[in-house]
Amino acid sequence: MLGAPPLYGGYEYTPLEMNKRSGVPLKEKNNEALLLMPRVFTEQAGFDCQAVDLSWANYNWIPDMTICDPYPKIKGYNLEKRHASKWISEHPQNVRPNATSQAIKRNFLWFAFFKISPMFLRESIYDDGDWWTSDDDFSDIIDYIAKYSVLDYLPDLTDFTGGPNGNFILLESMLTHTSMDLQAPDFVPSEKITDKGKFGAYSYNDTVSTNIAMLKLVAKWMDYLRKNGCYDNTRIIIVADHGAGREGPREFFTEGNSIDGYGLDQNHPLLMVKDFTDKNGSGKNAARKFTIDGSFMTNGDTPSLAFEGIIEKPVNPWTGKEITKREESAAYGVVAGAPYDPGKHGLYKFDLNGIKTYDVFDDMSKASNWKERKE
């Protein structure tokens, strides 16, 4: 709820800035952030846009992609959970037979309980989609496959018939939010895990395994783009709303791993950029080896990275302000943990009472560069 809006919408949608616009409902500001890049690309560059499963769209747990409907050049889709049954049927060695049909029959009864119950009991009965099953392993793997299958089927969901002015594709995946041990070396879901890989002895192996799986699936998709002549002329950005925040070694931080018990790696999300590539292998966009850039950045730079070289002065269609990268090596109002449920916040502002916020300067890996914000 707090880490995703700046990723989609830039620095006008950090928690600090969203709370300053106290006359606009949080849901509306969140929807603005989600639609900022799609609107700018379609309205200011003439692109077509496909958007998938945008985070908390209309503040619905299952994203309400009807927020795209007022914009003819923006097509919104829900893909999560749509391909789990197909994946299970095509991988019978990974999930026990008839798993989906057995679950549907059982959940029909629980859905009946849900419908006849008063509103205040329904959230408990729904149980985050588990419907009080005692078969936790089965429930976990089905939920995982619902997310895993979307990335696995990306080649099947991709065509190359876009319009002449370019395409902007915005895909959100919850795969790495549902960690579990996977079968190495391919790191695929399986009810029986016989090989956890080299990280199997660590308590956080499920997090590592899931990130490996995600990167393998994305790499498979990129190979598919290469084979179809679409890799070099595509700018690809892979970015997260936050880091792992799990127990275990955190070698990234040089002066301690936490402040007041808050794991700093929670605010160390992934950001990877593959720019347009010159097929001739020369010039600014020549193909380069993988490099790590230690420059101060945040995921709020994502829109500017996406627009660079395509739209000279992109403008936020809701506020009229130009969208720019942060020039200084600082991030203001970084929130050290907060509820992710819209019901735990106000209608217009994030409720940060009792939650510390920090200004972070220069090298974020040094705890001494985190200064608690006093307002």
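Note that these values count all heavy atoms, side chains included, but never hydrogens, waters or copies made by symmetry.
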Checking side chain to side chain contact (heavy atoms under 4.5 Å, CB included) for the pair I310/F41: CA distance, chi angles, key distance, verdict?
-> CA-CA 9 Å; I310 300 173; F41 271 112; 4.0 Å; yes
Does the side chain to side chain contact (heavy atoms under 4.5 Å, CB included) test come out yes or no for H83 and L157, once each step is laid out?
-> CA-CA 11 Å; H83 303 285; L157 296 167; 4.1 Å; yes
From CA spacing to verdict: side chain to side chain donor-acceptor pair (under 3.5 Å), Y77, Q50 = CA-CA 8 Å; Y77 304 93; Q50 296 81 42; over 6 Å; no
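Residues Y11 and E17 bring no donor and acceptor atom of their side chains to less than 3.5 Å of each other. Under the 3.5 Å distance criterion, with hydrogens and angles disregarded, a donor-acceptor pair is assigned to the side chains of Y144 and T210. Counting only N and O atoms by type, the side chains of Y8 and S55 include a donor and acceptor under 3.5 Å apart. In summary, the side chains of N299 and D241 do not present any donor paired with an acceptor at a separation below 3.5 Å, with no hydrogens or angles considered.
Using the six-membered ring where Trp is involved, F113 and W110 have ring planes that are perpendicular, over 60° apart on the 30 and 60° scheme. Classified by interplanar angle (parallel below 30°, tilted 30° to 60°, perpendicular above 60°), the ring pair W56/Y59 is perpendicular. Note: H242 and H177 have perpendicular aromatic rings, judged against thresholds of 30 and 60 degrees for the angle between ring planes. Using cut-offs of 30° and 60° on the angle between ring planes, the pair F160 and Y224 is tilted.
Every residue was checked against the salt bridge (Lys or Arg N to Asp or Glu O under 4.0 Å) condition with E12, not counting sequence neighbours, and none meets it. By the salt bridge (Lys or Arg N to Asp or Glu O under 4.0 Å) test, R373 pairs with D359, E375, sequence neighbours left out. Checked against ring pair (Phe, Tyr, Trp, His ring centres under 6.0 Å), F199 has no partners two or more places apart in sequence or in another chain.
With hydrogens and angles disregarded, a donor-acceptor distance shorter than 3.5 Å links the side chain of D363 to the backbone of S365. Judged by distance alone, with hydrogens and angles left aside, the side-chain atoms of W370 form a donor-acceptor pair with the main-chain N or O of M364 at under 3.5 Å. When atom types are taken as modelled, the side chain of K29 and the backbone of Y348 share a donor-acceptor pair closer than 3.5 angstrom. Between the Q183 side chain and the T194 main chain, a donor and an acceptor come within less than 3.5 Å of each other. Checked by atom type and distance alone, the side chain of K73 pairs as donor or acceptor with a backbone atom of G46 at under 3.5 Å. When atom types are taken as modelled, the side chain of N31 and the backbone of N58 share a donor-acceptor pair closer than 3.5 angstrom. With hydrogens and angles disregarded, no donor-acceptor distance shorter than 3.5 Å links the side chain of T234 to the backbone of I236. Side chain of Q44 to main chain of V315: a donor-acceptor pair is present (N/O by atom type, distance under 3.5 Å, no hydrogens or angles). For the pair R326 (side chain) and F296 (backbone), a donor-acceptor distance under 3.5 Å is absent. Side-chain N or O atoms of D301 include one that pairs as donor or acceptor with a backbone N or O of T298 at under 3.5 Å.
In this structure, K274 forms a cation-pi arrangement with Y231, its terminal cationic atom sitting closer than 6.0 Å to the ring centre and no more than 45° off the ring axis. Cation-pi geometry between K86 and Y153 is satisfied (NZ or CZ under 6.0 Å from the ring centre, within 45° of the ring normal).
Tracing side-chain contacts under 4.5 Å through hydrophobic residues (I, L, V, M, F, W, Y), one reaches V52 starting from M222; they form part of the same cluster. Both F168 and Y71 sit in one connected hydrophobic cluster of ILVMFWY residues. Membership requires side-chain heavy atoms under 4.5 Å apart, directly or through other members. With hydrophobic clusters built from ILVMFWY side chains whose heavy atoms lie under 4.5 angstrom apart, V188 shares a cluster with V208.
In this structure, K313 NZ and T324 OG1 are separated by 11.5 Å, a value rounded to the nearest 0.5 Å.
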